[in-house]
Protein chains: 2
Amino acid sequence: MRLKKKTEIPHECSKVFMAIRDSMELLSGKWKIQIIGVLLYKGTLRFMDLLREVDGIGAKMLSKELQELELNELVKRTVCNTKPITVEYEITEYGKTMKAMISEITHWGSEHRKRIFKKSR
Amino acid sequence: MRLKKKTEIPHECSKVFMAIRDSMELLSGKWKIQIIGVLLYKGTLRFMDLLREVDGIGAKMLSKELQELELNELVKRTVCNTKPITVEYEITEYGKTMKAMISEITHWGSEHRKRIFKKSR
DNA sequence: CAGGATCCGTGACGATACTG
DNA sequence: CAGTATCGTCACGGATCCTG
């Protein structure tokens, strides 16, 4: 999915659909939900670990997505003063409020996968 | 958000994260969830009605998104043979299985909006 | 190790005009 | 009314190189 910070034109949309839009604005992008997911299930991780855990992501994207998530106070960034710098990322309390939502998404996704699998044989 | 049908490289990702990916592949795109949402809450609608209900969407995008949703059997398309052609769209039974997920997304979105609102004053 | 800078292709998305 | 065709833009996102 791809979002633009486009010209809001809220001519007359109900609060329900504005809410959907708010969520999607954050969740959109190939990675954010996956990052949150990983952080939610695996706890505190370093940059390199995330790079490995999140599967296909590249360093540039990971960095960018993490910054956005940090701005939205969904993840916390901690710099450790080790020899070669290390940075740890973890979910904030606020980030945890997404758990129910992520869980529903995961659940539907796995059901959907089953369905697709059945059809393709 | 923006997805590519990129080269699956499932080197070692858990089923959980594959599930998230499956969902996001469908939900990604600025509009799909909103369309499902509208259809879910308002029932059967014609093309023009959707064009109005979904807020900022254009005809081209709406058309394209609907086709994809139809392919995934999430919505049903019905052509009525009226004088000027009319087409009606409605959620399929399968599409209704997304309800819980959409509802969680909506819920979190509205909470998030409250939070943003508080901070901006 | 973390992550910024740069270069670059592809495609998501929009506006407009057109057809049955 | 319900789309399709065409065209253009710019963000997404990958690869590579570079630094503290």
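Atom set for the values below is all heavy atoms of this structure, side chains included, hydrogens, waters and symmetry mates excluded. Throughout, a chain's letter reflects where its sequence line sits, starting with A, and its residues are numbered from 1.
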Undergrad: So does A:A59 get a backbone contact from the side chain of A:S63, meaning a donor-acceptor N/O pair under 3.5 Å?
TA: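 No.
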
Undergrad: Touch check for B:K83, heavy atoms < 4.0 angstrom, all strands: base, sugar-phosphate only, or nothing?
TA: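 If one applies the 4.0 Å heavy-atom cut-off, B:K83 turns out to touch nothing in the nucleic acid.
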
Undergrad: Under the 3.5 angstrom rule, does the side chain of A:T86 hit a backbone N or O of A:P84 as a donor-acceptor pair?
TA: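 Yes.
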
Undergrad: Return the value, rounded to whole Å, for the distance between atom CZ of B:F47 and atom C1' of D:dT4.
TA: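 Interatomic distance, CZ of B:F47 to C1' of D:dT4: 10 Å.
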
Undergrad: Can you measure B:E88 atom CD to D:dC1 atom C1' for me and round it to whole angstrom units?
TA: 13 Å

Undergrad: Given C:dA2, D:dC1, D:dG3, which nucleotide is nearest the side-chain atoms of B:P84?
TA: D:dC1

Undergrad: Return whichever of B:T86 or A:I85 has its heavy-atom-nearest nucleotide of DNA chain D closer to the 5' end.
TA: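 On the 5' side of the pair lies B:T86.
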
Undergrad: Figure out the CD/C1' separation between B:E68 and C:dG11, and round it to whole Å.
TA: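 Taking CD of B:E68 and C1' of C:dG11, I get 12 Å after rounding.
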
Undergrad: Distance check: side-chain N/O of B:Y89 vs OP1/OP2 of D:dG3, anything under 4.0 Å?
TA: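 Checking D:dG3 against B:Y89, a side-chain N or O does come within under 4.0 Å of OP1 or OP2.
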
Undergrad: Please report the distance, rounded to the nearest Å, between CD1 in A:I57 and C1' in D:dG14.
TA: 11 Å

Undergrad: Using a cut-off of 4.0 Å on non-hydrogen atoms, how would the nucleic acid contact of B:Q67 be classed: base, sugar-phosphate, or nothing?
TA: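 Answer is sugar-phosphate: B:Q67 comes under 4.0 Å of backbone atoms only.
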
Undergrad: Nearest-Å distance, NZ (A:K64) to C1' (D:dA11)?
TA: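 Distance, rounded to whole Å: 7 Å.
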
Undergrad: Of all the choices, D:dG13, D:dA2, C:dG14, which nucleotide is nearest to the side chain of A:W31 once you look at every atom?
TA: D:dG13

Undergrad: Starting at NZ of A:K32 and ending at C1' of D:dC12, how long is that distance when rounded to a whole Å?
TA: 11 Å

Undergrad: Can you work out whether B:A59 or A:V79 has the more 5'-proximal nearest nucleotide on DNA chain C?
TA: A:V79

Undergrad: For A:K60 and A:L66, find the nucleotide of DNA chain C closest to each by heavy atoms; which residue's nucleotide sits nearer the 5' end?
TA: A:L66

Undergrad: Picking from D:dC12, D:dG3, C:dC1, which would you name as closest to the side chain of B:R77?
TA: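 When the side chain of B:R77 is considered, D:dG3 is the closest of D:dC12, D:dG3, C:dC1.
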
Undergrad: For a quick check of understanding: with a heavy-atom distance under 4.0 Å over all strands, which category does A:M61 fall into, base, sugar-phosphate or nothing?
TA: base

Undergrad: Side chain of A:S23, backbone of B:I105: donor and acceptor closer than 3.5 Å?
TA: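 Such a contact is found between A:S23 side chain and B:I105 backbone.
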
Undergrad: Can any side-chain N or O of B:T92 pair as donor or acceptor with the backbone N or O of B:E73 at less than 3.5 Å?
TA: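 Yes: the side chain of B:T92 pairs with the backbone of B:E73.
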
Undergrad: Between C:dA15 atom C1' and B:L51 atom CG, what is the distance in whole Å?
TA: 13 Å

Undergrad: Just do the side-chain contact (heavy atoms from CB on, under 4.5 Å) check on A:L39 and A:L69 with the steps written out, would you?
TA: CA-CA 12 Å; A:L39 252 22; A:L69 292 175; 5.9 Å; no

Undergrad: Return no unless some side-chain N or O of B:S63 is found under 4.0 Å from OP1 or OP2 of D:dT4.
TA: yes

